[in-house]
Every structure is written in C-alpha cells, then in structure tokens.
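Please see the structure below; I have some questions.
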Amino acid sequence: MRDADGKDLGTIEDIYAEPETFTITHLLVTTGMIKKDRKFVPVNWIKDIGEYDLFVHASFSNAA
C-alpha cells in the first residue's frame, strides 16, 4: 500500500467486511519488520489500484 506521493505504507494483512452484505469496509495494514505496527484503513481512502500496489489518499498519520 502506498500513499498519494508513492511512499510505502505497509502490507495488507487482512480484509474486513460487513458480515450481512460482505461489503469490504477496512483493510488491516502492517508496517515494520521487527516491531510490527498495525492500522485499520477504511476502503473509502483508496485512490487507485495498480498491478502490484494500492494507493490511498491519506498517510498513516490519519489512520485509525
């Protein structure tokens, strides 16, 4: 996952969906090699999906 400037934000670890509609709501993104940090990223932050990367409008300073 990358921000709008192309900075690497981490790796998508899991996908969360609304149980009744199966609509994807959030992505769980992991950063760091040794000390892992996990952030929930709402799917409405997605700006573009490339062949190998997903781009979002925000940086992790905005993530929950």
Side-chain angles (χ1 to χ4, degrees):
M1 177 177 285
R2 297 185 179 276
D3 68 10
D5 296 326
K7 179 182 173 191
D8 184 19
L9 297 178
T11 303
I12 298 171
E13 182 177 312
D14 211 348
I15 298 170
Y16 290 82
E18 184 67 41
E20 293 177 10
T21 63
F22 301 105
T23 302
I24 297 171
T25 59
H26 289 80
L27 305 172
L28 179 62
V29 178
T30 304
T31 61
M33 298 280 290
I34 296 172
K35 181 183 175 238
K36 298 229 179 216
D37 188 24
R38 292 180 174 93
K39 300 278 186 177
F40 283 103
V41 177
V43 295
N44 63 350
W45 284 13
I46 296 173
K47 176 181 178 185
D48 192 20
I49 299 173
E51 186 173 351
Y52 298 104
D53 288 311
L54 186 138
F55 296 89
V56 293
H57 291 285
S59 66
F60 264 173
S61 59
N62 300 61

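All heavy atoms count here, side chains included; hydrogens, waters and symmetry mates do not.
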Taken to the nearest 0.5 Å, the spacing of I15 CD1 from T25 OG1 works out to 10.5 Å
Kindly give the heavy-atom pair with the smallest separation between L28 and R38, and that separation in Å.
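Reported closest heavy-atom pair: CD1-CB, 3.8 Å.
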Quick check: is F55 connected to I24 through a chain of hydrophobic side chains (ILVMFWY, heavy atoms under 4.5 Å apart)?
no
Keeping D3 on the side-chain end and D5 on the backbone end, is there a donor-acceptor pair under 3.5 Å?
yes
Gap between atom CG of L54 and atom OG1 of T11 - 0.5 Å precision:
11.5 Å
Do R2 and D8 come close enough that some side-chain heavy atom pair is under 4.5 Å?
yes
If Ile, Leu, Val, Met, Phe, Trp and Tyr residues are connected whenever their side-chain heavy atoms lie under 4.5 Å apart, and connections chain through other members, are V43 and F22 in the same group?
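Different hydrophobic clusters.
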Heavy-atom closest contact (M1 atom, V41 atom, distance)
SD-CG2, 4.3 Å
